[in-house]
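Inspection log for the structure reproduced underneath, given as structure tokens.
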Amino acid sequence: MNLLELPIVRRARLQEVLGDGRVRCNLCERRCIIHDGGRGFCKTRINVGGELYTLVYGDINAISENPIEKGG
Ligand code: SF4
């Protein structure tokens, strides 16, 4: 199966094309420069053919308990 066809893979926002197949990810302060075929420090963003894709689209990033009835 083609990686880009998976439902959790989407073209990433906040990317900056640098040329020579390199892309800068501007999602967090690390500002990774990622070569074609490479992944960022977080391993969740991948450069495919000079375009950045996220590998975790729609994944839950936090979960917490929230009781229906709360004491006052
Ligand atoms: S690839 Fe990951 S670690 Fe690197 S800047 Fe983007 S979000 Fe941050």
Side-chain angles (χ1 to χ4, degrees):
M1 176 180 247
N2 183 347
L3 178 74
L4 301 182
E5 292 174 359
L6 293 172
I8 56 163
V9 178
R10 293 282 169 93
R11 189 178 183 279
R13 293 180 181 180
L14 304 175
Q15 62 178 282
E16 189 182 336
V17 175
L18 301 176
D20 297 331
R22 297 170 306 140
V23 180
R24 176 182 288 128
C25 176
N26 290 319
L27 185 63
C28 83
E29 71 282 357
R30 283 194 176 271
R31 303 262 196 277
C32 296
I33 294 175
I34 308 168
H35 295 265
D36 191 6
R39 290 186 187 206
F41 177 82
C42 62
K43 307 293 185 207
T44 67
R45 294 190 149 211
I46 186 170
N47 181 337
V48 179
E51 264 198 307
L52 201 57
Y53 289 84
T54 175
L55 304 174
V56 293
Y57 180 84
D59 278 359
I60 293 172
N61 64 4
I63 192 165
S64 68
E65 247 179 76
N66 194 8
I68 293 171
E69 296 179 36
K70 296 179 182 176

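Residue indices begin at 1 and follow the sequence shown. Start at 1 and go down the list; that is how both ligands and their atoms are numbered.
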For ligand 1, which atoms sit closer than 4.0 Å to a heavy atom of C42?
1 (S), 2 (Fe), 3 (S), 7 (S)
Quick one, T44 and D59 - any side-chain contact, counting heavy atoms below 4.5 Å?
no
May I ask you to check if any N/O/S atom from C32 comes under 2.8 Å of atom 2 (Fe) of ligand 1?
no
Within reach of ligand 1, part of R31 (heavy-atom separation under 4.0 Å)
backbone
Could you find the nearest protein heavy atom to atom 6 (Fe) of ligand 1 and give me its residue, atom name and distance?
C25 SG, 2.3 Å
Please tell me if the side chains of R45 and C25 come closer than 4.5 Å, counting only heavy atoms from C-beta onward.
yes
Check whether any side-chain heavy atom of V23 sits under 4.5 Å from a side-chain heavy atom of L18, and report yes or no.
no
Would you find a donor on one side and an acceptor on the other, under 3.5 Å apart, between the side chain of D36 and the backbone of G21?
no
Could you tell me which atoms of ligand 1, counted from 1 in the order shown, lie closer than 4.0 angstrom to a heavy atom of G40?
1 (S)
With a sphere of 6.0 Å drawn around CZ of R31, does it hold more than 12 non-hydrogen atoms of other residues, nucleotides or ligands?
yes
Nearest to atom 8 (Fe) of ligand 1, what protein heavy atom do you find, and at what distance?
C28 SG, 2.3 Å
